Amino acid sequence: MSEEPAKPPDLRRQLAQHLESLRLAGVEWLPTAPPLAAAAAPETEPGSVVQVSLFGDPETPAAPRASAPQLTLEQRRVELGVLAERVSGCTRCPQLASTRTQTVFADGEAGAELCFVGEAPGADEDAQGKPFVGAAGQLLNKIIAACGMKREEVYVVNIIKCRPPGNRTPNLEEAGNCREYLTRQLELVRPRFICALGGVAAQHLLDTNQPVGKLRGRFHDYQGIPVLVTYHPAFLLPHRSPQKKRDVWEDMKLLLARMGRPVPR
Ligand code: URA
C-alpha cells in the first residue's frame, strides 16, 4: 500500500485559532508592522523579520487591524521599533540595499509635536544610522534651537531610508518603495505639524511638482496635518545659498505662530 504524503499543517487555521484564543483571553493588541505588499516583501526575503499580525491578515477574522489612532503612546513606540527592525532588512531597492551601510530610520519619539521631513541620508547619516547628523544636520540643529526647541523633542525623518550612491536624488521608484514606511511612521508619531525640508521632501509628501519657492510661506495639508515647506538646510550652507536663511527664518516664524509658540529673541 502506498503511503499518503504527509499533509502540511494548516498553519493559517492554527494561527487563526491561536489568535482567537488570545482575543478571548482579553489580548487586544500585539506589536506588528503594516502589512507589506507581497511583491515588495516576500516572506522569504533574506534578513526580513516574519511578523504575525493579529490585525493585519484579511483572512483572519479575529479582529480589525489596530489603526494608529487606537494605539496608546507606548504602543505606538513599540510599533515604531518593530517597523524600524523591518526597515533595517528592507531590500525593495536592490541598488540602495547593496550600497548602504545601514538604513536610517528616524530620530525622535512617537508623540513629537513637530516632524521635520528631509530627503535622504548622506554619507554621515549612512555611517551613523541617524538622519541629519552631518553639515546640514548641524544647521538643522541650529534652526531647531533658534525656534526654542530641542532636537530631542522633534521627530526627524527622510523620504527614503537608504543613502543613494553619490548622494543623488532619490528616484520615483525608490521614493515609492519607501512611502509605506514614511506613511506608517507619520501615523504612529502623529505629529501636529510637519516641516518639509527642500523640494524633494515637499514634492513627495504633498504630491506636487512645484518648487520650494512656490510652496514656502504658507501651510499645506498632509492627512489633516499642517505642512510648512522651507529650504533644505544643505541649500543654506556657505557654498550654496546662505542668503536664503532669511526666508527660512520667516518660515519658522510662521510655523511657531501656528504652533502657538513664542518666537525666541
Ligand atoms: N539631508 C537629508 O535630506 N537628510 C539627511 O538625513 C541628511 C541630509
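Counting starts at 1 for both ligands and their atoms, in listed order. This structure is a prediction, so every number in the text was calculated from the model and none was measured. Only this structure's heavy atoms are used, side chains among them; waters, hydrogens and symmetry mates stay out.
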Could you tell me which atoms of ligand 1, counted from 1 in the order shown, lie closer than 4.0 angstrom to a heavy atom of [X]?
| X | value |
| --- | --- |
| G118 | 3 (O) |
| H232 | 1 (N), 2 (C), 3 (O) |
| P131 | 6 (O) |

Going by an N to O cut-off under 4.0 Å, is there a salt bridge joining [X] and [Y]?
| X | Y | value |
| --- | --- | --- |
| D124 | K130 | no |
| E125 | R100 | no |
| K150 | E153 | no |
| R76 | E187 | no |

Seminar exercise, completed: If you scan protein heavy atoms around atom 4 (N) of ligand 1, the nearest is N158 OD1, 2.7 Å
Exercise. In terms of side-chain heavy atoms, does Q102 have a donor or acceptor partner in K161 at a distance below 3.5 Å?
Worked result: no
Exercise. Between A136 and ligand 1, does any nitrogen or oxygen pair lie at a separation below 3.5 Å?
Worked result: no
Problem set entry | From the candidates A234, A123, A120, P170, the one that places a heavy atom nearest atom 8 (C) of ligand 1 | A120
Exercise. Is the NZ or CZ atom of R258 positioned over F193's six-membered ring, under 6.0 angstrom from the centre and within 45° of the axis?
Worked result: no
Problem set entry | Side chain, backbone, both or neither: the part of E119 lying under 4.0 Å from ligand 1 by heavy atom | both
Exercise. Which one holds for A201 and ligand 1: side chain close, backbone close, both close, or neither close, with close meaning a heavy atom under 4.0 Å?
Worked result: neither
